Amino acid sequence: MRRTKIVEVLKSEETGKEFLVKGWVRTRRGNKQVSFIAMNDGSTIHNLQIVADVELFGEELLRRANTGASLAVVGELNQSQGTGQNVELLAKKIEVIGDCDVNEYPLQPKKHSLEFLREKAHLRFRTNTFSAIARVRHAMIFAVHSFFSLKGFVNIHTPIITSSDAEGAGEMFQVTTLNLDNIPKNDDGAIDFSKDFFGRPTNLTVSGQLEGELAAMGLADIYTFGPTFRAENSNTTRHLAEFWMIEPEMAFYDLNDNMDLAEEFLKYLIRYALDNCADDLNFLSNRLKEEEKNKKADEKSMELIEKLKFVLEDDFVRLTYTEAIEILRNSKPNKKGQFKYPIEGYGADLQSEHERYLVERHFKKPVILTDYPKEIKAFYMKLNEENKTVRAMDVLFPQIGEIIGGSQREENYDKLVARMEEMDIPVEEMWWYLETRKFGTVPHSGFGLGFERLMLFVTGMGNIRDVIPFPRTPKNAEF
RNA sequence: UCCUCAGUAGCUCAGUUGGUUAGAGCGGCGGACUGUUAAUCCGUAGGUCGUAGGUUCAAGUCCUACCUGAGGAGCCA
């Protein structure tokens with residue numbers, strides 16, 4: 001007999017028919033006559049209720065069907081007599097595939113804290129919350145590829161090991177095969193990297209953008225979707241040392257085209273989640289309500305599904321950094337001295353509190369900020385005519401802040417070299433990047449979307465460590 | 001890295017001003033109950049109070065250092 005997934009069994013209307021299901025026990029209830037086993041196989045948030053006649057199977061076997069154990073059950077699909085479900089499986093055969101010692105198994109049929117489950121990351125796929133997140137994450141991965149594929153973009157695998165340290169996107173993890181107990185040295189005492197695997201210092205990538213630009217200068221529209229590594233000592237709910245980033249890069253796009261694409265992309269992903277993950281989003285919405293039930297009304301977040309729909313309704317607000325500074329300078333919290341970092345004038349980078357004010361209180365919708373001062377942005381961003389600002393854009397979302405960072409790139413060879421020299425970027429090492437500006441250069445743009453930040457928004461989770469299966473953060477690389 | 005808070009039973013927590021034998025709920029185990037839904041009811045076992053020092057007649061409680069976790073900030077996606 002072929003196994004049927006629980007999601008299919010629950011949808012089936014063929015009562016009286018026999019099914020074989022396999023999965024893990026969530027809870028068991030009952031009395032001397034009958035046992036009710038709530039079974040889950042990861043195919044859906046919902047459990048299948050197995051009804052087992054105690055006389056038929058014996059107390060000893062049913063005792064083994066406890067929380068955490070894996071079972072194979074053959075049974076007849078019935079209309080449920082109980083009220084919690086439409087159908088249930090009246091068991092004819094029960095096989096315990098793997099026993100589970102409840103005295104050692106850490107997951108109990110009760111609420112666990114997210115912190116506790118983080119320490120049990122190897123088992124947390126068996127919980128409602130994490131299986132829901134995993135399914136939504138899969139749907140979002142699929143939707144990313146679907147969106148770009150529909151638009152004729154080519155997916156590019158950019159290198160994970162890089163020798164360029166010029167990306168300027170943060171601290172890097174060094175990659176080496178040198179024996180750290182006996183590091184080869186030159187005569188002058190410096191490390192002899194010619195003895196290392198690649199014959200030069202190498203690191204894990206902090207961004208695929210530079211290589212993505214090379215691909216776009218031939219394929220026109222490309223995107224990357226790969227792991228990204230930052231060795232920053234960041235301890236926040238929004239940062240990981242290893243995360244997944246989506247970086248489209250488009251030839252012939254200016255900053256406006258870039259913003260249009262970013263907005264369309266985000267809306268497509270959110271629409272996809274609403275259309276395809278209703279059960280899991282409902283569960284996550286209820287989880288969030290439960291978590292926040294003791295918060296004051298004005299501290300509660302918007303209901304999850306309502307929030308997702310809300311983002312789809314309006315155009316994102318677009319304004320320049322200079323305009324944002326004006327709004328902030330004249331804002332109530334600034335005048336009342338409520339900002340920890342008061343806005344005094346043009347030039348400073350915006351702090352989290354400022355971004356949150358703009359998004360959550362002033363506009364109450366996603367905001368795209370553009371044209372930042374060149375001093376606070378990367379070397380590759382295109383200079384505006386006035387020579388003070390660059391064609392950068394940051395997409396700011398409520399709750400999570402910067403979800404996308406992007407720009408139109410500097411395509412003019414001389415201007416780019418000048419900017420690199422100003423910012424102490426090693427021009428010689430970047431010869432390959434610069435050659436794209438020498439040979440048939442074109443205006444082009446791109447952006448980076450932090451996949452886990454998208455996941456935070458879509459799932460309503462508060463900590464980025466809960467939307468990736470195995471989070472890597474400072475002092476934590478277990479599993 | 002900085003600031004703040006926390007670490008007590010398998011889990012979530014309480015533990016008053018330092019004072020007798022450290023408590024509860026859930027979970028586990030035993031029992032009761034013809035269909036449960038976080039089942040219910042009765043009973044029961046379970047603790048080196050994060051680690052190491054220190055103060056004190058006396059420390060879960062006070063002090064110091066360290067470890068771990070969380071929240072905020074910075075860096076950013």
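Hydrogens, waters and symmetry mates play no part in the numbers below; they use all other heavy atoms, side chains included. None of these values were measured; they are calculated from a predicted model. Below, read A as the first sequence line, B as the second, and so on, with proteins coming before strands; counting in each chain starts at 1.
- For the pair A:R465 and B:G71, the criterion of a side-chain N or O lying under 4.0 Å from OP1 or OP2 is met.
- Applying the 3.5 Å distance criterion, the base of B:C29 shares no donor-acceptor pair with the side chain of A:R63.
- The aromatic ring of A:F451 does not sit over the base of B:A77; the criterion of centres under 5.5 Å apart with planes under 30° is not met.
- No hydrogens or angles were tested; on distance alone, a donor-acceptor pair under 3.5 Å links the side chain of A:K110 to the base of B:C11.
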Legend entry - ring-ring contact (aromatic ring centres under 6.0 Å, His included) between A:H157 and A:F225, intermediate numbers included: CA-CA 7 Å; A:H157 287 158; A:F225 188 174; over 10 Å; no

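- Among the heavy atoms of the strands, none lies under 4.0 Å from A:E353.
- Looking at A:V367 and A:L369, their side chains come closer than 4.5 Å, going by heavy atoms from C-beta outward.
- Residue A:I403 is classed as a sugar-phosphate contact, given heavy-atom separations below 4.0 Å to backbone atoms only.
- When ring centroids are compared, A:H354 and A:F339 come within the 6.0 Å threshold.
- The residue A:Q81 sits close to a base: some heavy atom pair falls under 4.0 Å.
- Taking the six-membered ring wherever Trp is involved, the centroid distance between the rings of A:F148 and A:F265 falls below 6.0 Å.
- A:N235 places its CG atom 8 Å from the P atom of B:A70, with the value rounded to the nearest Å.
- Put simply, CD on A:Q79 is 18 Å from C1' on B:U36, counting in whole angstrom units.
- No contact: A:E55 has no heavy atom under 4.0 Å from any strand.
- Between A:F470 and A:F125, a ring centre-to-centre spacing shorter than 6.0 Å is recorded.
- Within 4.0 Å of A:T83, counting heavy atoms only, lies at least one base atom of the nucleic acid.
- Among the protein residues, A:S35 comes within range of no part of the nucleic acid, since none of its heavy atoms lies under 4.0 Å from any strand.
- Rounded to whole Å, atom P of B:G74 lies 7 Å from atom CZ of A:R238.
- Looking at heavy-atom distances under 4.0 Å, A:S113 makes contact with sugar-phosphate atoms alone, never a base.
- Nucleotides B:G28 and B:G10, compared at atom P, are 15 Å apart to the nearest Å.
- In this structure, A:N103 reaches the sugar-phosphate backbone alone: every heavy-atom distance under 4.0 Å involves primed, P, OP1 or OP2 atoms, never a base.
- The 5' end of RNA chain B is approached more closely, in terms of each residue's nearest nucleotide, by A:L90 than by the other of A:R28 and A:L90.
- No engagement by A:F229 is indicated, since no non-hydrogen atom pair under 4.0 Å with the nucleic acid exists.
- Counting to the nearest Å, the C1' atom of B:A70 and the CG atom of A:D466 are 12 Å from each other.
- For a distance-only test at 3.5 Å, the side chain of A:Q108 qualifies as a donor-acceptor partner of the base of B:G10.
- A:I404 comes within 4.0 angstrom of sugar-phosphate atoms only, judged by non-hydrogen atoms across all strands, and of no base.
- Across all strands shown, A:G30 has heavy atoms under 4.0 Å from base atoms, whether or not it also approaches the sugar-phosphate.
- Taking the ring centroids of A:F147 and A:Y272, they lie at or beyond the 6.0 Å cut-off.
- A:G82 comes within 4.0 angstrom of a nucleotide base, judged by non-hydrogen atoms across all strands.
- Using a 4.0 Å cut-off, no side-chain N or O of A:S80 falls inside it from OP1 or OP2 of B:G35.
- The base of B:C75 sits with one of its N or O atoms less than 3.5 Å from a complementary donor or acceptor on the side chain of A:S234.
- For A:E104 against B:G28, a side-chain-to-base donor-acceptor contact under 3.5 Å is absent.
- Look at A:N463 and you'll find a side-chain N or O under 4.0 angstrom from OP1 or OP2 of B:G71.
- Residue contacts shown for A:F116 are limited to sugar-phosphate atoms, with no base heavy atom under 4.0 Å away.
- Within the nucleic acid shown, A:Q85 comes within 4.0 Å of at least one base atom, counting heavy atoms only.
- Under 3.5 Å, the side chain of A:H112 and the base of B:C11 form no donor-acceptor pair of N or O atoms.
- Under 4.0 angstrom from either OP1 or OP2 of B:G35 there lies no side-chain N or O belonging to A:Q33.
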